[in-house]
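Heads up: the structure comes next, in structure tokens.
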Number of protein chains: 2
Amino acid sequence: MRKNGPTIGDVAALAEVSRATVSRVMNGSTTVDPGIAERVRSAAASLNYRPSNLARSLSLGRTGTVAVSVPDLRNPMLHAVLQGVTEAAERDGYHLLVSIAGEDIAAEEAHFLDARQRCDGLILINPRGPQEQLRAVLQQAAPAVVVNRETSTLPAPCLSIDHQYGLTLLIEHLVSLGHRHLAYVAGPQGAVSDPPRRRAVSAALDTHPQLRIDIVDGGRDVFDGRRAAESAVSTGATGVLVFNDLVAVGLLARLHELGVDVPGEVSVTGFDDIDLSHCSFPALTTVGVPHHDLGRAAWAEMAALLREPGVDRRTVRSFRPQLVLRESTEQVPA
Amino acid sequence: MRKNGPTIGDVAALAEVSRATVSRVMNGSTTVDPGIAERVRSAAASLNYRPSNLARSLSLGRTGTVAVSVPDLRNPMLHAVLQGVTEAAERDGYHLLVSIAGEDIAAEEAHFLDARQRCDGLILINPRGPQEQLRAVLQQAAPAVVVNRETSTLPAPCLSIDHQYGLTLLIEHLVSLGHRHLAYVAGPQGAVSDPPRRRAVSAALDTHPQLRIDIVDGGRDVFDGRRAAESAVSTGATGVLVFNDLVAVGLLARLHELGVDVPGEVSVTGFDDIDLSHCSFPALTTVGVPHHDLGRAAWAEMAALLREPGVDRRTVRSFRPQLVLRESTEQVPA
DNA sequence: TTGAAAGCGATACCAG
DNA sequence: CTGGTATCGCTTTCAA
């Protein structure tokens with residue numbers, strides 16, 4: 001079993017001190033004779049010794065890292081969130097450990113707990129799976145923070161983007177431009193952010209009795225957008241609300257091929273304000289989403305939990321998107 | 001120190017057996033009396049016991065996970081590679097642990113080793129930092145696999161995309177269409193894949209004496225592409241080779257605004273064949289890159305290293321891109 | 001200031 | 001088939 005690197009014992013032997021002393025030196029204890037300390041340091045250096053994180057964590061009862069679980073990495077929205085979390089965590093001296101849950105929703109629970117056990121905490125981003133299961137996981141995984149899940153009083157802090165508000169912003173914008181018939185190109189099956197948008201649609205229909213909104217199948221990527229283009233226009237809508245910017249870009253491309261003028265004949269909106277929405281033809285009206293802030297806030301919650309273990313915080317906070325007007329929307333033609 | 005969950009000892013006590021037996025049951029040993037096994041299982045269940053991965057790993061000498069270090073997650077190319085690695089690893093019963101190295105190149109080394117120590121191996125993707133440092137890291141981090149680093153005999157398997165070949169493909173294509181003056185919109189500072197492309201440029205200039213290729217500053221995202229558009233056309237080139245598809249899409253958008261017709265006045269090529277290259281105006285001629293295969297292969301190397309520890313494999317393999325013709329390139333106008 | 005020894009939570013060998 | 005015990009590598013009282 002000893003094919004691994006040098007252990008604290010080897011260093012102790014070489015420096016002719018006890019393991020306890022080596023430990024003290026490695027952890028920068030001041031109560032060590034400078035001469036001895038130096039001897040230990042050079043022994044460690046010459047052996048190329050690195051303390052085992054595993055053993056250290058086991059003994060210390062903490063690892064200095066927290067796990068972030070994401071469903072899959074294709075969603076560009078995740079990168080901004082991850083970026084935010086990483087930066088904040090780094091500042092607090094914590095490492096992040098991204099674990100990709102993968103397609104298999106059934107295996108998700110095991111994945112979560114596995115990741116959690118190597119770390120001091122768990123941040124779940126866009127967790128899928130039934131409410132009950134999530135609840136159970138959260139119980140065992142504390143401290144945990146949930147990002148972007150419909151919050152129905154889960155036993156953990158829940159942060160999310162207010163997708164309903166975002167879509168409402170876009171709908172109101174189109175309505176104010178005179179549109180009375182819209183289409184919503186929906187997200188993929190099981191997307192956590194789809195239901196709130198559908199709620200925005202319902203709410204808008206209540207608010208504006210003369211408004212009509214058809215829902216058509218969409219998806220998550222540019223190809224889904226291409227495919228949805230024809231169904232969307234065939235509804236006769238003058239405004240198309242698309243699940244996100246990526247899908248919208250695909251849809252715009254197809255509309256272009258079909259010779260449908262945007263925004264002349266139909267207006268199109270996206271969601272997320274990704275870089276690309278500047279570069280589509282025409283540039284995309286969308287809502288900007290504070291993913292980065294969301295990430296930072298998620299870390300803040302985690303940091304708080306780490307600081308005072310035991311307390312069960314249940315902060316619920318949602319972040320509001322902002323309208324970003326570009327060329328893809330305009331008055332409905334008379 | 002005992003604020004953690006139940007330990008194997010608690011289960012043993014409740015089931016009135018030894019810890020050894022509990023361990024056997026938890027690991028599915030067949031040599032356990034069914035009755036006892038059942039007693040243990042229910043004890044474990046009632047305590048909600050989960051074996052500590054940390055302790056388990058320490059004892060076992062293996063963790064069942066390998067670390068994958070990436071510079072940052074914004075590069076869409078990484079996702080495909082990660083996807084490939086993940087799928088393959090999963091099949092072998094290994095978990096992946098993605099660690100984001102972050103901006104700070106100085107801290108990269110520490111990051112690598114830290115990640116490595118929590119895992120059985122380390123896969124470095126697009127590692128930056130000087131050759132010497134990388135070499136040193138690899139020494140300590142074995143088993144390790146390097147992806148996409150200029151391979152100059154590092155002490156580890158090195159897999160990479162043959163960027164030089166890819167750009168050569170595109171250059172030859174443009175040349176065969178009659179172009180004699182090209183521009184190369186370069187990648188960001190320090191991008192590992194930029195030097196090989198510059199080599200492709202040099203090589204092409206040798207092969208085609210009457211060819212001219214100007215190099216202009218580019219970058220990594222759509223905005224860099226927008227910014228580069230004017231310099232690129234002002235060279236007077238009839239064909240623009242762009243660092244990657246994302247940058248190319250940005251450049252196309254700006255050209256459109258400037259009223260430059262593509263491919264009428266100038267041809268444009270990308271690199272990577274991302275989904276989006278179907279949806280630009282016009283659709284982008286590019287090269288398809290087998291990122292997914294690369295990821296799978298990286299895992300295969302890692303799996304081999306894990307299987308027979310000690311041997312130092314130094315496989316060097318590079319993956320060739322394939323030309324993908326679309327509408328953004330055409331004969332140079334007479 | 002230093003060292004001996006008792007954990008941390010599990011695995012695995014060796015008897016019984 | 002089961003239990004006692006050494007072990008993994010490190011930290012941390014507690015004495016000396």
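So that the names make sense, note that chain A is the first sequence line, chain B the second, and so on, each numbered from 1. Since the model is a prediction, treat every value here as computed from it, not as a measurement.
Between the side chains of Thr63(A) and Asp120(A), at least one donor N or O lies within less than 3.5 Å of an accepting N or O.
Straight-line distance from the CE atom of Met26(A) to the P atom of dC10(D): 9 Å, rounded to whole Å. If you measure from atom CZ of Arg62(A) to atom P of dG7(C), you get 23 Å, rounded to the nearest angstrom. Computed from coordinates, the Arg39(A) CZ to dG3(C) C1' distance equals 13 Å when rounded to whole Å. Note: CG (Leu60(A)) to C1' (dG9(C)) measures 15 Å, nearest angstrom. Rounded to an integer number of Å, the gap from CG of Asp10(A) to P of dG9(D) is 9 Å. The separation between Ile8(A) atom CD1 and dG7(C) atom C1' is 15 Å, rounded to whole Å. One can place CZ of Arg19(A) at 11 Å from C1' of dC8(D), the figure rounded to the nearest angstrom.
Not counting sequence neighbours, His292(B) has no partner by the ring pair (Phe, Tyr, Trp, His ring centres under 6.0 Å) test.
For dT2(C), neither phosphate oxygen OP1 nor OP2 lies less than 4.0 angstrom from any side-chain nitrogen or oxygen of Ser18(A).
Looking at residues 49-58 of chain A, you'll see Leu58(A) sit with a heavy atom under 4.0 Å from some atom of DNA chain C.
The residue Thr21(B) sits close only to the backbone: its heavy atoms come under 4.0 Å of sugar-phosphate atoms, none of a base. Among the protein residues, Val22(B) comes within range of no part of the nucleic acid, since none of its heavy atoms lies under 4.0 Å from any strand.
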Base-pair string, DNA chain C, Watson-Crick plus G-U, cut-off 3.5 Å on both distances, | for inter-strand, is ||||||||||||||||
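Taking the side chain of Thr7(A) as heavy atoms from C-beta on, and the options dA6(D), dT12(D), dC10(D), the nearest nucleotide is dC10(D). Of the candidate nucleotides dG9(C), dT2(D), dT1(C), dG9(C) has the atom nearest to the side chain of Ser59(B).
Classified by interplanar angle (parallel below 30°, tilted 30° to 60°, perpendicular above 60°), the ring pair His111(B)/His95(A) is perpendicular.
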